[in-house]
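These notes are about the structure you will find just below.
If you read the sequence from its start, that first residue is 1, and numbering goes on from there. In each ligand, atom 1 is the first atom listed, and ligand 1 is the first ligand listed.
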Amino acid sequence: MSIRIGILGYGNLGRGVECAVKHNPDLELVAVFTRRDPASVKILTDTAKVYHVDEAEKMKDKIDVLILCGGSATDLPVQTPKYAQWFNVVDSFDTHARIPEHFANVDKAASESNHVGIISVGWDPGMFSLNRMYANAILTNGKDYTFWGKGVSQGHSDAIRRIDGVKDGKQYTIPVEAALEAVRSGQNPELTTRQKHIRECFVVAEEGADLARIEQEIKTMPNYFDEYDTTVHFISEEELKRDHSGIPHGGFVIRTGKTGWNDENSHVIEYSLKLDSNPEFTSSVIAAYARAAYRMNQEGQKGCKTVFDVAPAYLSALDGAELRKHLL
Ligand SMILES: NC(=O)C1=CN([C@@H]2O[C@H](COP(=O)(O)OP(=O)(O)OC[C@H]3O[C@@H](n4cnc5c(N)ncnc54)[C@H](OP(=O)(O)O)[C@@H]3O)[C@@H](O)[C@H]2O)C=CC1
Ligand SMILES: N[C@@H](C[C@H]1CC(C(=O)O)=NO1)C(=O)O
């Protein structure tokens, strides 16, 4: 029997999840929920329907896992705990500084309703988090670094679009070459947040909007831009569509460490991603964790989980001997 999936929020990530479900034969898309007029939202899966979010609770017995695809800046802090009352949920919440608060809110709702809520699923947080954790557990005497880009951060782009007077926008994260070089050459440098990345924003402003205010709001935005050197370019909708239509990204986690009685041996662990489509890759991770959420709940588990709490076998559509073929 297929695992019945619902999507709440139909943007880049929502479209990516719809596509990821197609690539997972044991998953079936049942419904897409939106805050907009459902008639205005066109999906590509003809066996599913679009509903207004107000209809979601009525479908709690028709959906095994609801995937929250809203923005982290303002949507998920409200939506994930709300819908965890009625569903197993998975989200991609990535406002790193607010994850503890989000975890507590989702854990309360999911525990009380006997559901599983897996938060902060994707690549960072998500797969990069897992690899940082593995590397630190293995090379206890070491140092690690995370670099992203050059690519489009969906979280930062969503945060820009939420600013009053912004019609559309995209944010590129760009690693600082000197920092990359110092890490790769094994200098183990101490680097501040500002020394590792710069952020470049391309913004389409509403007619008559106060551009200086928008630029200031972006540059001083806590948890997103205030610790970075950020540039803001105001462009037309046509230019954004023509020059910035893709959502590529990537990056890597690297940890160097030493072993031996006198630290005589050095080791390097590296995990890297090169993504044509940030949303489609993120959605592929989410689809695997939706499978896990369903299975864990079927075993009687409940409450909020992160990628650290999910045994890898829950993620795979394979089991038993087929799964163990990955050991070979
Ligand atoms: N952990 C990780 O590694 C990653 C996390 N993310 C997270 O995913 C979040 C979502 O990113 P993304 O999907 O790019 O954000 P979008 O801005 O594309 O979508 C966010 C929400 O906005 C609404 N929306 C989308 N398009 C429109 C439109 N044309 N008009 C009006 N409303 C619209 C949708 O809700 P509705 O349908 O209800 O209107 C949608 O759920 C990011 O904020 C980021 O935090 C992303 C990538 C990686
Ligand atoms: N959550 C990020 C995924 C990675 C990319 C990123 C950044 O460019 O700052 N941080 O984490 C996203 O929304 O794209």
Decide yes or no on ring pair (Phe, Tyr, Trp, His ring centres under 6.0 Å) for His244 and Tyr172, but give the supporting numbers first. CA-CA 10 Å; His244 306 283; Tyr172 292 87; 5.5 Å; yes
Results of side-chain contact (heavy atoms from CB on, under 4.5 Å) for Ile198 - residues two or more places apart only: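 Only Ile174, Val176, Asp229 meet the side-chain contact (heavy atoms from CB on, under 4.5 Å) criterion with Ile198.
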Quick one: is the NZ or CZ of Arg184 closer than 6.0 Å to the six-membered ring centre of Phe252, and within 45° of its axis? yes
Using the six-membered ring of Tyr228, assess whether NZ or CZ of Arg199 lies under 6.0 Å from its centre and within 45 degrees of the ring axis. yes
So, the side chain of Glu299 versus the backbone of Met296: is there a donor-acceptor pair under 3.5 Å, distance only?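 Absent.
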Donor-acceptor contact below 3.5 Å, side chain His102 vs main chain Pro100: no
Close-range residues for ligand 1, whose non-hydrogen atoms fall below the 4.0 Å threshold: Gly9, Tyr10, Gly11, Asn12, Leu13, Thr34, Arg35, Arg36, Cys69, Gly70, Gly71, Ser72, Asp75, Ser92, Asp94, Val121, Gly122, Trp123, Asp124, Pro125, Gln154, Gly155, Asp158, Arg161, Arg162, Asn278, Thr282
In terms of side-chain geometry, is the basic nitrogen of Asp75 or Arg35 positioned less than 4.0 Å from the acidic oxygen of its partner? yes
Are Asp124 and Arg132 close enough for a salt bridge, meaning some N to O gap below 4.0 Å?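 Yes, charged N to carboxylate O under 4.0 Å.
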Below 3.5 Å only, please: the N or O atoms of ligand 2 paired with protein N or O atoms, distance on each line.
{"from": "ligand 2", "atom 1": "1 (N)", "to": "Asp94", "atom 2": "OD2", "distance (Å)": "2.6"}
{"from": "ligand 2", "atom 1": "1 (N)", "to": "Asp124", "atom 2": "O", "distance (Å)": "2.9"}
{"from": "ligand 2", "atom 1": "8 (O)", "to": "Thr173", "atom 2": "OG1", "distance (Å)": "2.5"}
{"from": "ligand 2", "atom 1": "8 (O)", "to": "His249", "atom 2": "NE2", "distance (Å)": "2.7"}
{"from": "ligand 2", "atom 1": "9 (O)", "to": "Arg199", "atom 2": "NH1", "distance (Å)": "3.1"}
{"from": "ligand 2", "atom 1": "9 (O)", "to": "Arg199", "atom 2": "NH2", "distance (Å)": "2.9"}
{"from": "ligand 2", "atom 1": "11 (O)", "to": "Asp124", "atom 2": "O", "distance (Å)": "3.0"}
{"from": "ligand 2", "atom 1": "13 (O)", "to": "Asp94", "atom 2": "OD2", "distance (Å)": "3.1"}
{"from": "ligand 2", "atom 1": "13 (O)", "to": "Gln154", "atom 2": "N", "distance (Å)": "3.3"}
{"from": "ligand 2", "atom 1": "13 (O)", "to": "Gly155", "atom 2": "N", "distance (Å)": "2.7"}
{"from": "ligand 2", "atom 1": "14 (O)", "to": "Gln154", "atom 2": "N", "distance (Å)": "3.0"}
{"from": "ligand 2", "atom 1": "14 (O)", "to": "Asn278", "atom 2": "ND2", "distance (Å)": "2.8"}

Checking Lys150 now: which residues fulfil side chain to side chain donor-acceptor pair (under 3.5 Å) with it, not counting sequence neighbours?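 Scan of Lys150 (side chain to side chain donor-acceptor pair (under 3.5 Å), adjacent residues dropped) gives none.
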